[in-house]
J.: 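Got a structure for you, written out below as structure tokens; questions coming shortly.
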Amino acid sequence: MQLLRDPNVRFVGYIHPHPLIHRIDLKIQTTSSTVPPVDSLSAAIEDLTGETDHLITQTTDAINKWKKENQSGIGQFQ
């Protein structure tokens, strides 16, 4: 999906030839011959890395906030 957000990408497709073969074939077609598909793939991977890092940070912050807010109730009923 990230590749399709790139304005330089015209088509993206993949095929998984067989469940027992651990390989996928990826086809990326760009709108211009000056933009190599590898560059679009690398940019998409970098964007996904940034989004994943942001998601991990947000999740960790939310868990820590929840723990802090609910820590006073721990052990209260023992």
Side-chain angles (χ1 to χ4, degrees):
M1 186 68 181
Q2 191 71 24
L3 276 169
L4 294 175
R5 293 180 187 164
D6 188 340
N8 293 321
V9 174
R10 178 178 294 161
F11 173 81
V12 177
Y14 75 94
I15 186 169
H16 186 208
H18 191 275
L20 296 177
I21 299 174
H22 301 293
R23 182 189 87 219
I24 61 168
D25 296 330
L26 184 64
K27 179 176 181 172
I28 303 170
Q29 183 179 11
T30 56
T31 57
S32 167
S33 62
T34 60
V35 179
V38 173
D39 290 350
S40 295
L41 180 61
S42 295
I45 291 171
E46 288 176 17
D47 289 345
L48 287 173
T49 301
E51 287 182 20
T52 304
D53 291 343
H54 178 70
L55 181 63
I56 290 171
T57 302
Q58 293 289 75
T59 304
T60 304
D61 291 347
I63 290 170
N64 290 337
K65 180 181 175 186
W66 183 87
K67 284 181 179 179
K68 186 189 298 183
E69 291 173 353
N70 295 301
Q71 187 176 14
S72 61
I74 295 176
Q76 183 178 7
F77 299 107
Q78 291 179 354

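The residues of the chain are indexed from 1 along the displayed sequence.
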J.: Quick one: side-chain hydrogen bond (donor to acceptor under 3.5 Å, both in side chains) partners of Asp25, sequence neighbours excluded?
T.: Arg23
J.: Please confirm whether the backbone N or O of Val35 pairs with a side-chain atom of Thr30, one donor and one acceptor, at under 3.5 Å?
T.: yes
J.: Please list all pairs passing the salt bridge (Lys or Arg N to Asp or Glu O under 4.0 Å) test where one or both residues lie in residues 2-18, with sequence neighbours left out.
T.: Arg5-Glu51
J.: Asn64: which residues meet the side chain to side chain contact (heavy atoms under 4.5 Å, CB included) condition with it, sequence neighbours left out?
T.: Thr60
J.: Apply salt bridge (charged side-chain N to carboxylate O under 4.0 Å, His left out) to Glu46 and list each qualifying residue two or more places apart in sequence or on a separate chain.
T.: none
J.: To the nearest 0.5 Å, what is the distance between CG (Asn8) and CD1 (Ile28)?
T.: 12.0 Å
J.: May I have all residue pairs that pass side chain to side chain donor-acceptor pair (under 3.5 Å) and include part of residues 11-21, sequence neighbours excluded?
T.: none
J.: Identify, with sequence neighbours excluded, every residue that meets side chain to side chain contact (heavy atoms under 4.5 Å, CB included) alongside Ser42.
T.: Val38
J.: Under 4.5 Å between side-chain heavy atoms, hopping through other hydrophobics if needed: is there a path connecting Leu26 to Val9?
T.: yes
J.: Measure the CG-CD1 distance between Asp61 and Ile56 for me, rounded to the nearest 0.5 Å.
T.: 12.0 Å
J.: Can you sort out the partners of Thr34 under side-chain hydrogen bond (donor to acceptor under 3.5 Å, both in side chains), two or more places apart, ordered by chain and number?
T.: Ser32
J.: Consider only side-chain heavy atoms of I, L, V, M, F, W and Y, link residues closer than 4.5 Å, and tell whether Leu41 and Leu48 are in one cluster.
T.: no
J.: Got a sec, which residues hit side chain to side chain contact (heavy atoms under 4.5 Å, CB included) with Thr49, two or more places apart in sequence or on another chain?
T.: Ile45, Asp53
J.: In chain order, what residues pass the side chain to side chain contact (heavy atoms under 4.5 Å, CB included) check against Ile63, with sequence neighbours excluded?
T.: Thr59, Lys67
